[in-house]
Each structure stands twice: as C-alpha cells, then as structure tokens.
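Encoded as structure tokens, the structure appears first; notes follow it.
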Amino acid sequence: MDVAIPDDVDPAVRAEAIATEKAYSQELQRGGEWVHIWRVVGQYSNISIFDVADNERLHEILWGLPLFKWMTVVVTPLAGHPSDVALDG
Ligand SMILES: O=C(O)CC1=CCC(=O)O1
C-alpha cells in the first residue's frame, strides 16, 4: 500500500484519518485477518500480509481503509510453498 495524502488536506482531517486507519488496522490484526504490517523503509508505504476467507473479504477490508482514497494498493495472492518446513506434517 502506497499512501499519498494530498498536501492541501486539512491537517486535522489528515490526523483523524491516520488515527482511524490505525484503529481499523489494529482491530483486524487482533482479529487475525491482518497478519503482518511492515513499513517500507524510506517510503510512506507498507507491505501487509492478510489471511482472509476469500477475495471478497479482502476487497471489503481494503475498500474500508480510511486512507483508501489516497492509496495505491497492489494485491499479490500467495500460496503455501511445498518446501516450507512449517507445512511439513
Ligand atoms: O501508514 C500506512 O502505511 C498506512 C496504513 C495502513 C494501516 C495503517 O495503520 O496505516
């Protein structure tokens, strides 16, 4: 997720949107659907890992992001790798 909040956004609106985004994200993290969030060093971007039931649920989560209108989001579906020791029986 790349974030680009326009410079002319009122600082109070910006602060409120960022605070609401944090609460929204942390609720989903606590619920187990938003598994990881990492800051991309040097950029107003993050790399996140989601574990959701289906694409519709991920779409709902992403569209619900308070900063969504100021974001560019790229989704890369991932599958388990057969060499992952965590997947060995
Ligand atoms: O700061 C960001 O990368 C945007 C963001 C997504 C969830 C969150 O809390 O911030």
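The first residue in the sequence is number 1, and the count goes up from there. Every heavy atom of this structure was used, including side-chain atoms; hydrogens, water molecules and symmetry mates were not. As the structure lists them, so they are numbered: ligands from 1, and atoms in each ligand from 1.
Residues L62 and F68 share a closest heavy-atom pair of O-CD1, 3.0 Å. Closest approach of V9 to W70, counting heavy atoms only: CG2-CZ2, 3.8 Å. Heavy atoms only, all atoms of each residue included: A17 and P66 are closest at O-CB, 3.9 Å.
At a heavy-atom cutoff of 4.0 Å, ligand 1 is contacted by the side chain of I37 but not by its backbone. Counting heavy atoms closer than 4.0 Å to ligand 1, residue W70 contributes nothing at all.
The backbone N or O of S45 lies less than 3.5 Å from a partner atom in the side chain of R39, making a donor-acceptor pair.
Looking only at heavy atoms of the protein, atom 10 (O) of ligand 1 is closest to E21 CG, 3.5 Å. Among protein heavy atoms, atom 4 (C) of ligand 1 sits closest to N46 ND2, 3.6 Å.
Counting the atoms of ligand 1 from 1 in the order shown, those under 4.0 Å from a heavy atom of Y44 are 1 (O), 2 (C). Residue K22 approaches ligand 1 through these ligand atoms, each under 4.0 Å from one of its heavy atoms: 9 (O).
Y24 does not count as a contact of ligand 1, since none of its heavy atoms falls under 4.0 Å from the ligand. Heavy atoms of R39 approach ligand 1 to within less than 4.0 angstrom. Residue contacts with ligand 1 leave out L65, since none of its heavy atoms falls under 4.0 Å from the ligand.
Between S45 and ligand 1, not a single N/O pair is under 3.5 Å apart.
Of the inter-residue distances, the one linking I37 atom CD1 with Q29 atom CD reads 6.0 Å to the nearest 0.5 angstrom.
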Run the salt bridge (Lys or Arg N to Asp or Glu O under 4.0 Å) test on E27 and R30 for me, step by step, so that the C-alpha distance in whole Å, both residues' side-chain angles and the decisive distance to 0.1 Å come before the verdict. CA-CA 5 Å; E27 183 179 347; R30 292 189 183 98; over 6 Å; no

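With respect to I47, the side chain to side chain contact (heavy atoms under 4.5 Å, CB included) criterion is satisfied by exactly one of T76, V40, V74: V40.
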